[in-house]
Amino acid sequence: MDKGFELIISDMSEIEALELRNEIEKRTGSEFPVELSSEPLPRNVAGDPGLLCALLPYAAQAIPVLAAALAAWITARRKEKVARARKLVITRDGITYVDVKISDLEREAAGKPLEGVLQRILKGETGPDPNSTD
Amino acid sequence: MAGSRSWTDATTNNVVFRGLDAPAYFRWLSKRDQDDSLGDSHLLGSFLHEFAHHWCNRTLLGATLALFELRLAVFAPSLPDGRTVWSRDYLAHQSIMSLLRPVSEGLAQMAEFDLTHIDRNARTGTPLAAATLCFGLGADDVFRHSMLQRLRHSDDLLRRKASLYLKKFDVEEGYLPGYMSVKNYAWTLIGRGYNVPIEYLLTYIRSYFWDDPVFVNILVSENMNGAEVSKQLFDRFRNRMHNLFAAPDLPERVKAFWEKWHWDSPRPPAFEIYCTDDELTLAFNRIGLLEHHYRSLLHDKSGAVESAMCMTADAVERLLDNIDDNRRYVTLASVHIRVSVDGNFSLIDGDGQEHPSPELSAFGSLAPNCYELVAVVSTFGSFLGILAVDQNGEVFALTEIQAADSDDGIRESTIRYVKNRRALQDTFDKLRRQFDDVGMNIIRSKVLDTISAKIRQTAGNIYEIAATARVQVDRLSDARTTLRTQALMPLFAKDTVAVRLVAGISMLAGTDQVLEHLTMALVNFAQFYYLQDFEVADLRKRLDDVISRDRDALLLREVDGTLFCFL
């Protein structure tokens, strides 16, 4: 059976994770599984709440919807100027296919251009866009 | 350890801050007399949070727990014949840590989200005073007010507060149960007609729990039955928690405590925290006995300890002194510098590149060499010291900035702290790993596992009670079930704008007292500061929806146009 990819987004807060989930569910009309985890603190160490890592498994047919949701979410975050090295990673069977900084994606034009880039990323493709006119 | 999170170690009391631009901080510090801008407010929330943990650890109970962990880490792997004692100590330590973790997180988040300036001048001894020393331009209320306003108006803090509302009600991490409980302590005082300043409340709660001599007297006792000791600690904690909600004279005791408490005195005012001087004296004596026992056991069993620890008994004994020094200070920032033969200062970045930084010479002159430059603040914010460590570990005190009402400064213990802090943390991390690998196998039993699981469950029950202290009796069962299973999520129905709105309102209601909790003023200001893409009418509608879902007023209640934001 063909195993789908997994999308991992690092350094998210709970509110940002819920905003992403809402963006996806707005487009799919159903609940989308998002697994959140945080870096554990050792015993006898207290700390600030820290940031989360979101893990979203997805099948190939979900890519257009997921790309649109991610594009909307990234565009909304761009205004907030979040000063963190947040990353977007695509893996399958433990192998990393794509590892990009979200700040790099924020430089793409909002809407269809960003969605196009994200679709390629979600397919596990890297390198220049073959359809780009640049 | 915990790469993206700031943290505080309960035993070494080391604090690691993530996110401070240390070179920029030193540049700002070197010319803050000529500058009119505040320090890097990006770290301020995190600073207040971690500093509150560090401040709580520097107490009677904090010192006892540090010694407990050190004893366990050293003796459990070395002296397996004492497993009954080490199991008892482990359970006692686990019990009190599980009970206090949520309160500790509650205080830390209250420091971040709710602190306001109160007196005309900062009072040394509190996290706010330390923050003023490290990030403000002066101790008077103008600077403190603008520093806190800038913090509370920041998107970063809004995200942190909004994310708190979305956390699980989990006592192991403690954030939401602790914050709800500590906020309820404040509301119970307000309900009795005392609008307690948050700085008073934090100082009081810190001593009420962490200077409680009875906890120490239970921990250090002749009772070797771990389950019984654990139960005594739970009973004591439950009674202390209940007392905060029920004691009729609490407002008077909080006020009197603030008048009498002085950061430089090791003995807190006993009566004001519902204790006696005799209990305090006994606790100090018992800590002395525990320390004496640690040292004498180390000498008597030095061969077994050295063999198990791969350290000399002298080195193990020195750990106690190093921990004692270490628990008094926090390193706020550190950079690597080089001083050239002609006296020019350069910063060395992570790639080894040098950047001329003549402003750093303002801290004092240094012989040509490479150094680590550190900014160190004392636990009670009495001074901020700038020191340099050369490659041989020699420490040079350069300059110090004193708090307005303090003549404290760099001491021998500061020098020793700067010299030893990294090695101490490394050693302690190693001891913890060794305890997990060897010591735990010695003390582990089915009974211990059963009691450990019960500790978490019972702590959860106590915090459910505290978090729902304002809920009507006939609604309690439902409210607690919802909290346990869904936390505050149902109140927002996934509306993230509403989450941000309520978070913004809660921070404005605390900081901008001029708004006087008028609902529309708070909505307008929240829109201005945080949610400019949304219409006020839309935000008002979202707020109304949250209020209508919040039947138990866990978050909000509106009465005649006045909004009470409880969290």
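The sequence lines fix the lettering, A, B, ..., with proteins before strands; numbering per chain opens at 1.
- Between A/Glu25 and B/Lys494, at least one side-chain nitrogen of the basic residue sits less than 4.0 Å from a carboxylate oxygen of the acidic one, meeting the salt-bridge criterion.
- Summarising the local packing, NZ of B/Lys168 is surrounded by 12 or fewer heavy atoms from other residues, nucleotides or ligands at distances under 6.0 Å.
- A salt bridge links A/Asp48 with B/Arg160: the closest approach of a Lys/Arg side-chain nitrogen to an acidic carboxylate oxygen falls below 4.0 angstrom.
- In this structure, the portion of B/Glu105 lying under 4.5 Å from any heavy atom of chain A is its side chain and not its backbone.
- Residues B/His53 and A/Val45 form no side-chain contact, since every pair of their non-hydrogen atoms from C-beta on lies 4.5 Å or further apart.
- Ranked by non-hydrogen atom pairs under 4.5 Å with chain B, the options A/Gly50, A/Ser38, A/Ala17, A/Ala46 are led by A/Ala46.
- One N or O on the side chain of B/Ser163 and one on the backbone of A/Ile15 form a donor-acceptor pair closer than 3.5 Å.
- Rounding to the nearest 0.5 angstrom, the gap separating the OG1 atom in B/Thr496 from the CZ atom in A/Arg21 is 13.0 Å.
- Contact count versus chain A (heavy atoms, under 4.5 Å) is highest, among B/Gln94, B/His49, B/Glu112, B/Gln109, for B/His49.
- The pair B/Arg500-A/Glu19 meets the salt-bridge criterion, with a side-chain N (NZ, NE, NH1 or NH2) lying under 4.0 Å from an Asp/Glu carboxylate O.
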Test side chain to side chain contact (heavy atoms under 4.5 Å, CB included) on B/Arg18 and A/Leu51 and set out the steps. CA-CA 12 Å; B/Arg18 305 288 182 199; A/Leu51 296 167; over 6 Å; no

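- Proximity to chain A (any heavy atom under 4.5 Å) is shown, for B/Asn57, by neither the backbone nor the side chain.
- Interface remark: A/Arg43 contributes backbone and side-chain atoms alike to the contact with chain B (heavy atom separation under 4.5 Å).
- For CD of B/Gln486, the number of neighbouring non-hydrogen atoms (other residues, nucleotides, ligands) closer than 6.0 Å is greater than 12.
- Between A/Glu39 and B/Arg5 no salt bridge is recorded (no basic side-chain N to carboxylate O distance below 4.0 Å).
- Separation of atoms OG (A/Ser13) and CG (B/Leu164) is listed at 12.0 Å; rounding is to 0.5 Å.
- Only the side chain of B/Phe435 comes within contact range of chain A, with at least one heavy atom under 4.5 Å from a heavy atom of that chain.
- Taking CG of A/Asn44 as the reference point, atom OG1 of B/Thr8 lies at 12.5 Å (rounded to 0.5 Å).
- Here the side chains of A/Pro49 and B/Glu173 are not in contact, with every heavy-atom distance at 4.5 Å or above.
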